[in-house]
Structures are given as structure tokens and as C-alpha cells.
Amino acid sequence: MTRVDIGVFAHNEAAGIAAMVAQLLAQDLAGLEARILILANGCTDDTVARARAAGQGAIAVVDLPLGGKSRTWNRFVHDLSRSEAEVLIFADADILLPQPDALRQMVAGLQQAPALHVFNSRPVKDIVAQPEGLSRQDRLIAMAGGTLDDWRHAICGQLYAMPAARARAVHLPVGLPVEDGFLRAMVLTDGLTAPEEFSRIDGGAVFHIYASERSIPALIRHQIRIVIGSAINVAVFETIRARPVTERRQMLALAAGHDGWLAGVIRRQLPRWPYGFVPLHFLTKRSGNLLRAPRRLLHPKGLILLLAGFAFDAIVYVGAQIRMARGTGAGHW
């Protein structure tokens, strides 16, 4: 039987943690020796108590006093998972698993493709999965999905699986606002020591549903966090690449145990001339992707998406610049 440890990241998820535990316990895990860990990190509500009550001893609930997803990722991978585990699954506590064998499919996906480092679940917005009764604003939000990244070759931090040995070769700096983008770069480049190898990440028929932001202000706040995290990742990558190749993994291992490391990188690297805190491509990426398929712009839907998307990205870009100028950065999760 394949030994699998499933880490569920939960930060103040009291309202939904019992439902998530029920979903996990209902999964068909035939052929797997599975262990489920609820990684309650930095919680100030009763997530821990509710998870324990829902699990009734069938799961492990870990009460971690310090929050932050990258810190918790390190704890799960390097301290809390079993040394004999062959596969690690990473899941957010606030997603839905419509497929009864989703986790087993993910493990099978890794086994069928030994060269894979990451097997992704495809993220589906709830407003796409259940489109009836949507407002015009909801339809616009739903229409905008999928224009930024190819999910098969990105990492969606909400649900993915890795061979345990490959995960344990990685350390994440504490305080990363966008840990999945950082992890993707580490996976594709062996810790920034080799050219990108995109075949290391893939997915299949597995999908999960997540709750979309349902207002424009909330969506803007969410995207500002993503842009800030991505800009910080760029600064960290440059810092790592400035070191000799043989020292880069050791540098990341030290960063994983040093709360002030990331803040120091931000102070030294940002802002930079001429773009300030956030590189310009975060403003133009969506529009550039759409313009590479000009036929889409012949239809009203495509043109609306281009104009609305650029306006949205401009607001986010300026907002991210302002927040970073005011000190928002490490730990913005």
C-alpha cells in the first residue's frame, strides 16, 4: 500500500472545518495507507476543537501557534509528515471535493508518471460550477477566470500532490505571501540551479471547487495580495541567483527557519528603478495573453474581457505599489 500523508492547511476555518473533515473521511482511499493532518496554524477561533470533534480520533489535528502558509508547509513536509510517507498531499481547508476518489486519483497520477514532481487538481470557481442565478457582476468574475495561468503547469496551492522525497528537497522562506508560485519555481528549476523543465508539473481529471470572491472590492484585495507576493518572489529569486549554485539550497534551508530573512530581502531589493515595487509585467500579463489570440477580440465578450481586465489589473497594480510603499510585504497572507 502506498503511504500518503494529507496536510490540510487551516487558519481560522471554524465555520467550515467540520465539513472539510467529513469530505476527507468520505474519500475513497482504497490502496492507500493514508494519514490526515489538520494543520491549524495561528488560529484565534475554535478551528482546533471543531476539527477534533468532527474527526472523532480518525484524523490528527495539529495546533500550531504560529501562522503563515509557507511556515506551515515547512513544518508539514520536514517535521510532521511520516518519514516513511511516499506521497504528500497539500489541501486548503476551504475547498470542496466533488469527486469521491479525488485524492486516490492524484496519487495514481504521480505513480503513472514517475518524472512528475507535482500533480495538480484543477481549480474551479463555485460560480462556474453552479452558474444558475448569477448576477452580471458574478458572470464577469466567472468570465475572467483562466486568463492568467495554465493550471496544468502552474501550482494551485489549494490542492496538489508531490512525491515526498521531492517535497523534502525544498524549503520555503517564512512569510511568503504566494508560496505556490515560489514552490513552482523551485520545482521547475531544482531550486534555481537549472533551466525550467515544465514537464515536471501536470494534472488530469481531478478538480476541486473553491469559493470565488463575490464583490469587486474583495476581488481587488485578493489580487493585490497575489501581486505583492509575486513581486516579492521576484526579489527573492534575484537574491538566490546572486549566490553560487552550490549554496542556494542551503540558503533556502536557513531562510525557512529565520523569521526576518524575507523582510531583509525586501528592504535590500525594493523599490527598484524604474518600476518601483512591482514589475511592469504584472500589469500587462493578462492583456498580453489575450492579445496573442486576436480572434477572440472580434467577439464582444473578448473585447469586454480585454478592457475590463486591463482596468482591473491597473487598479490592482497601483494598489500593490501603494501598499508595498507603506510596508506591506512579508507575512501578507
Side-chain angles (χ1 to χ4, degrees), residues 9 68-74 76-77 88 90-92 95 116-123 145-162 166-167 169-203 208 210 219 221-241 248 251-252 255-256 261-263 265-266 269-270 275 277-286 288-289 313 316-317 319-320 323-324 328-333:
F9 294 76
K69 199 166 183 184
S70 58
R71 184 199 309 273
T72 306
W73 192 97
N74 290 328
F76 172 54
V77 171
L88 301 181
F90 305 79
D92 281 355
I95 61 172
L116 278 184
H117 291 226
V118 177
F119 187 93
N120 269 324
S121 169
R122 176 169 59 91
T147 59
L148 287 176
D149 289 302
D150 173 5
W151 67 270
R152 295 185 74 102
H153 300 296
I155 294 178
C156 175
Q158 296 165 348
L159 182 60
Y160 61 96
M162 296 184 69
R166 298 195 190 281
V170 178
H171 291 81
L172 303 184
V174 174
L176 287 174
V178 181
E179 92 297 334
D180 46 9
F182 187 91
L183 176 62
R184 176 181 185 269
M186 297 301 102
V187 166
L188 295 181
T189 65
D190 278 334
L192 300 181
T193 64
E196 290 183 324
E197 179 52 69
F198 294 101
S199 63
R200 293 180 174 182
I201 302 174
D202 206 347
H208 65 275
Y210 69 99
L219 192 62
R221 288 193 297 272
H222 170 78
Q223 195 61 30
I224 284 175
R225 180 184 70 81
I226 298 299
V227 168
I228 287 174
S230 299
I232 290 172
N233 283 349
V234 170
V236 175
F237 297 154
E238 292 185 0
T239 298
I240 296 170
R241 288 190 174 104
R248 293 176 187 178
M251 176 189 233
L252 285 172
W261 186 87
L262 187 61
V265 168
I266 295 170
Q269 292 278 2
L270 299 172
Y275 59 78
F277 290 92
V278 183
L280 188 62
H281 76 265
F282 291 109
L283 171 63
T284 60
K285 183 177 182 181
R286 186 197 312 265
N289 288 343
D313 290 339
V316 167
Y317 184 80
R323 289 201 181 189
M324 292 194 75
T328 298
H332 185 45
W333 179 71

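The shown structure was predicted, so the numbers you read here are calculated from the model rather than taken from an experiment. Computation of the quantities below employed the complete heavy-atom set of this structure, encompassing side-chain atoms and omitting hydrogens, waters and symmetry-equivalent molecules.
The closest side-chain heavy-atom distance from Val278 to Met324 is below 4.5 Å. Tyr275 has its side chain out of reach of Leu283: every pair of non-hydrogen atoms, C-beta onward, lies at least 4.5 Å apart. The closest side-chain heavy-atom distance from His117 to Ile201 is not below 4.5 Å. Between Ile224 and Tyr317 the shortest side-chain heavy-atom distance does not fall below 4.5 Å. Ser230 has its side chain within reach of Phe282: a pair of non-hydrogen atoms, C-beta onward, lies under 4.5 Å apart.
Residues satisfying the side-chain hydrogen bond (donor to acceptor under 3.5 Å, both in side chains) criterion with Ser199, sequence neighbours excluded, are Glu197. Residues passing the ring-ring contact (aromatic ring centres under 6.0 Å, His included) test with His208, sequence neighbours excluded: none. With sequence neighbours left out, Thr72 forms a side-chain contact (heavy atoms from CB on, under 4.5 Å) with Phe9, Leu39, Asn41, Leu64. Scored by the ring-ring contact (aromatic ring centres under 6.0 Å, His included) test, Phe277 finds no partners at all (sequence neighbours excluded). Remark: Phe198 engages no residue in a ring-ring contact (aromatic ring centres under 6.0 Å, His included) (not counting sequence neighbours). Applying the salt bridge (charged side-chain N to carboxylate O under 4.0 Å, His left out) rule to Arg152 yields the partners Asp202; only residues at least two apart in sequence or on another chain are considered. With sequence neighbours left out, the side-chain contact (heavy atoms from CB on, under 4.5 Å) criterion links Ala255 to Pro173, Trp261. For Arg248, there are no side-chain hydrogen bond (donor to acceptor under 3.5 Å, both in side chains) partners two or more places apart in sequence or in a different chain. Residues passing the ring-ring contact (aromatic ring centres under 6.0 Å, His included) test with Phe119, sequence neighbours excluded: none.
Residue pairs satisfying the side chain to side chain donor-acceptor pair (under 3.5 Å) criterion with at least one member in residues 231-240, sequence neighbours excluded, are listed as follows: Glu238-Arg272, Thr239-Gln269. Within the structure, side chain to side chain donor-acceptor pair (under 3.5 Å) pairs that include any residue of residues 180-190 comprise Asp190-Arg200 (at least two apart or interchain).
Scanning both residues, Asn120 and Cys156, for their nearest heavy atoms gives OD1-N, 3.4 Å. The two residues Ile228 and Ala320 make their nearest non-hydrogen contact at CG1-CB, 3.9 Å. Heavy-atom minimum distance, Leu159 versus Ala91: CD1-CB, 3.7 Å. Scanning all heavy atoms of the two residues, the minimum distance from Pro123 to Tyr210 falls at CB-CE2, 3.8 Å. Minimum heavy-atom separation, Pro177 to Gly329: CG-O, 3.5 Å.
For the atom pair Ile232 CD1 and Leu270 CG, the distance stands at 7.5 Å (nearest 0.5 Å). In this structure, CE on Met162 lies 6.0 Å from CZ on Phe90, to the nearest 0.5 angstrom. Rounded to the nearest 0.5 Å, atoms OG (Ser70) and CG (Leu262) are 7.5 Å apart.
Applying the side chain to side chain contact (heavy atoms under 4.5 Å, CB included) test between Phe182 and each of Val170, Ile155, Leu252, Val187 identifies Leu252 as the sole match.
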| query | Would Glu179 and Arg71 satisfy side-chain contact (heavy atoms from CB on, under 4.5 Å), going step by step from the backbone distance to the final call? | reply | CA-CA 10 Å; Glu179 92 297 334; Arg71 184 199 309 273; over 6 Å; no

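Proximity of a side-chain donor or acceptor of Lys69 to a complementary backbone N or O of Leu176 within less than 3.5 Å is not detected.
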